[in-house]
Amino acid sequence: MTRPYRLASISLAALSLAAAPRPSRAQAYPGSGVPAPPASEDITVHGDAPYASLAQFYTPNADLGPLGSGAILTTPMSVTVLPQDLLVNKQLRTLNDALRDLPSVEVRDQQGLEVSRPQSLGFQGTITQNTRLDGLNIIGTTAIPLENLDSVQVLNGLAGALFGPETPAGVFDYRLKRPTDTPLARVVGSYASDGLFTSEADLGGRAGDHGWLGYRIDLVHGEGKSWVGGSYANRTLGSADLDIHLDADTVIQVDGSHYEDSGYGLPGSIVYDGASTSSTNRSTLLPRAPDPTTRGLGQSGAGTDLITDTGLVKIIHDFGPDWRLELGGLYQDAQRNLFGITNTLTDDRGNATVTRNFTAVPHFTDGSNMASLNGHVRILGLRNDVSLGTSGVINDQYSYRNSIAVTLGKSNLRSPARFGYAKLPDPGGQYLSGDLFQQSIIEGDTLHLDRHWAIQSVFSESFLRSESFNNRDLRTSRFATDGALSPTVSLIWTPTGTVTGYFTYASSVEQSDQAPATARNANSFLSPYHDEMYQLGVKYAPMANLLLTLDAFRMDRPYATTPADNLFRVIGQQRDQGVEFFAQGALLPSLSVLGGVTYIDARLLDSGNPATDGGQIVGVPQIKSDVTLDWHPAFLHGVAFTATAHYESERAATDTNNSFAPQYATLDLGMRYATQVFRHGLIARLGAINLTDKHYYSSIADGNIVGSPGADTAYLAAPRTVLASLEFDL
């Protein structure tokens, strides 16, 4: 979809902001599906605003897999979207930074700040099942750039019926930029303290007779010092997206990207509460968060080097106004060179053993597919929105035959030691340590009983296979199941065109967790899990460009970990229940809002251990709030201000709940100035993340899930970071 920036209604006082041509909302190519702008009640003066300068946060539609694109207002699920305008104006560069702007989302860091698992409503995502690129499964535990994304779409809750087996963490769908109907050429130079410079070129347009070939190219390179003395970062992205229009109703989308992301010298993980599996580890408590800029919490030359190559092809055909066919395939290769630091505490006085390199999986491949046919039919006089589709993925995991972890020596968090170079041990080559296959057939129907009531039913039948192998190429586990059913049923009430109430029940199968490499059953997949969700919600659009959502939910999922016997297995059930509120759009013509607040009561039930039964799940705050406001009044002639407030209540740091990460609040501020120079758009942006330089943990996680056996793992958040950029629209 073409990214819209045309200004539909603009006061005469703001006409001085008119700049270079921008992508239009008007449907420029027949069959492109680009909607026309809504009519304005005021006197309309058509003009073009510089890229993202008006901060339009309202997103009316979301992609719902085999159901196709649908209005968020009438979708009987919780859906939140981070639009392009927010990503650009906050000068965000990493996906993790963007996801932290959503109140129902947490990020669990693993083996480095860019190797993470996203989670929604307190449930952790998997390696590939919960993360998608334009609807196709991708590897979620590697670095993902933001520059080539148009938006980040998150479906909060259990969605196995729509997308195939996955955890209740929901669906994180990253939507690529698409070619623009009018020529686009952006050049951006940016700076992040303490010395990281980045250049970006973003080009789009159409070529050929009647614009049959659309293109969008994004090139990024950044390198320099990060926010710790002796640290170094390097990012390079090459991305190309093509739309090949065979005729007015058929388009082939071809997308490819190469992304390299390296970061060295940043703080490593802090591992604690490992006394249950180590006679030398007497740490039981999460320590107070140290200053993340302290040298020695990480080590020079230690970090991550992530290389990801992605190719995607889609064929989309419209059969008139009522039916649409979409076919797609994706292949992704992710090399994860994980040479980071682990500070394993040996007592509660901050003493630690420092190791370099991780035993986690260094190499993933993903091959995913999707197909959907959706449209409208009338049966017995009643309208039915019907869908038929399939979605699947083959995920291969390759591990080193030999451990590459190296012990560097002893240290203390209060005065950390700095170690010299440590030679990388011989990894012994890579071997196939696990492969996962799943394919689902999906059927859906929304039956409209009358103007106000509808029933939506979506079912998927899934075929699952999983195998694991040890470093001697011997199979250690194998599982297969056919026809596993995942239903979702919703009752939808739309009393007016601006209000939707709904109740949704979902039950889903999911591929199980995989045992860490250090467990007795290393790399083994457990039997598939069965999850359940109840969600009751209401959505209200008080104005044309503002949507408010409120819902209550209850979900449960089997909970697996590695107890004292070091055998990875299900020990109980995670039950999360709570309420979420979200607002997205324009409060006033000059004031945009995105964010809200979420309350989650996440508990471990039926663990069989009195010390943990009924306790809070590690790392899940009961209250999380993230709100972004963007003020861009016309009378300031291009000057605008952005503010984001983040708050998290305390988080359980151990499964026995004897230690907690304290609550914290941070503030991000920014401003921009948009004008024109020689009839071309010029935008200067200045911002600060974590303005008050708060020291806190960005991630608290059960180490058994993220790879540190018998212990919990914490990562420090970034300190105050100053951001500046200058953009010239050619």
Side-chain angles (χ1 to χ4, degrees), residues 1-6 8 19-37 46 48-49 51-52 60-61 63 68-69 84 133-136 147-151 173-187 200-220 237-258 309-331 368-375 389 680-681 729-730:
M1 184 179 73
T2 300
R3 179 61 187 165
Y5 288 103
R6 180 166 297 276
R22 304 298 314 138
S24 172
R25 278 185 176 169
Q27 185 168 328
Y29 196 95
S32 67
V34 181
H46 292 285
D48 294 308
Y51 196 88
N61 299 320
D63 188 89
S69 179
Q84 174 77 176
L133 184 69
D134 277 8
L136 289 148
E147 285 89 350
N148 65 335
L149 299 183
D150 177 73
S151 63
D173 194 5
Y174 312 132
R175 310 300 298 182
L176 289 167
K177 291 177 178 176
R178 298 260 39 103
T180 55
D181 291 326
T182 55
L184 169 71
R186 303 171 54 233
V187 178
E200 177 188 4
D202 181 13
L203 312 173
R206 298 193 182 275
D209 293 340
H210 306 292
W212 68 270
L213 176 64
Y215 62 89
R216 190 70 176 267
I217 298 172
D218 221 305
L219 304 175
V220 178
L237 168 68
S239 173
D241 308 282
L242 303 177
D243 285 357
I244 304 169
H245 291 269
L246 301 183
D247 54 40
D249 299 314
T250 308
V251 60
I252 300 176
Q253 297 179 350
V254 181
D255 309 282
S257 66
H258 173 81
D309 293 295
T310 306
L312 185 157
V313 176
K314 276 190 176 183
I315 301 174
I316 302 172
H317 179 73
D318 290 320
F319 298 94
D322 290 331
W323 289 89
R324 182 180 177 90
L325 174 67
E326 187 169 342
L327 308 172
L330 176 147
Y331 180 78
S368 57
N369 66 84
M370 61 79 64
S372 65
L373 175 66
N374 53 75
H680 294 280
D729 296 345
L730 303 177

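This one's a predicted model, so the numbers in the text were calculated from it and none came from an experiment.
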Fill in: K177 side-chain N/O to E147 backbone N/O, donor-acceptor pair under 3.5 Å
yes
Discussion item. Looking at every heavy atom in both L149 and Q84, which two are closest together, and how far apart are they?
Written reply: O-NE2, 2.8 Å
Worksheet item: Taking atom CG of D249 and atom NE2 of H317, what is their separation to the nearest 0.5 Å?
Response: 5.5 Å
Item to complete: Evaluate side-chain hydrogen bond (donor to acceptor under 3.5 Å, both in side chains) for H258 paired with D309, printing each intermediate quantity in order.
Response: CA-CA 5 Å; H258 173 81; D309 293 295; 2.4 Å; yes
Fill in: Reported CG-to-OH distance for the pair L136 and Y331, which is rounded to 0.5 angstrom
15.0 Å
Worksheet, complete the sentence: Nearest heavy-atom approach of G205 to P179 is O-CB, 4.0 Å
Practice prompt. Any chance you could lay out the side-chain contact (heavy atoms from CB on, under 4.5 Å) test for I316 and E326, step after step, and finish with the verdict?
Written response: CA-CA 5 Å; I316 302 172; E326 187 169 342; 3.8 Å; yes
Worksheet item: Looking only at heavy atoms, which two atoms of A371 and L327 are closest? And how far apart?
Response: CB-CD2, 3.5 Å
Discussion item. What I want to find out is whether D202 reaches R186 closely enough, with some N-O distance under 4.0 Å, to be called a salt bridge.
Written reply: yes
Worksheet item: When rounded to the nearest 0.5 angstrom, what is the spacing between OG1 in T310 and CG in L330?
Response: 6.0 Å
Practice prompt. Show your working on side-chain contact (heavy atoms from CB on, under 4.5 Å) between I244 and L213 and close with a plain yes or no.
Written response: CA-CA 5 Å; I244 304 169; L213 176 64; 3.9 Å; yes
Fill in: Spacing of L730 atom CG and L184 atom CG [to the nearest 0.5 Å]
9.5 Å
Response to the item:
For N61 and S69, the nearest pair of non-hydrogen atoms, with its separation, is CB-OG, 3.7 Å
Fill in: Approximate separation, where rounding is to 0.5 Å, of Q253 CD and L176 CG
9.0 Å
Worksheet item: Heavy atoms, side chains only, cut-off 4.5 Å: are L237 and E200 in contact?
Response: no
Worksheet item: Are R216 and D218 within salt-bridge range, i.e. N to O under 4.0 Å?
Response: no
Discussion item. Has D243 got a side-chain atom pairing as donor or acceptor with V251's backbone, closer than 3.5 angstrom?
Written reply: no
Fill in: Gap separating the OH atom of Y174 from the CG atom of D150, nearest 0.5 angstrom
15.0 Å
Practice prompt. Of all the heavy-atom pairs spanning L219 and G238, show the shortest one and how long it is.
Written response: CD2-CA, 4.0 Å
Discussion item. Does H210 form a side-chain contact (heavy atoms from CB on, under 4.5 Å) with H245? I'd like the steps, not just the answer.
Written reply: CA-CA 10 Å; H210 306 292; H245 291 269; over 6 Å; no
Discussion item. Assess whether a salt bridge exists between D255 and R178, defined as any Lys/Arg side-chain N lying under 4.0 Å from an Asp/Glu carboxylate O.
Written reply: yes
Worksheet, complete the sentence: Residues F319 and L373: closest non-hydrogen pair is CE1-CD1, 4.4 Å
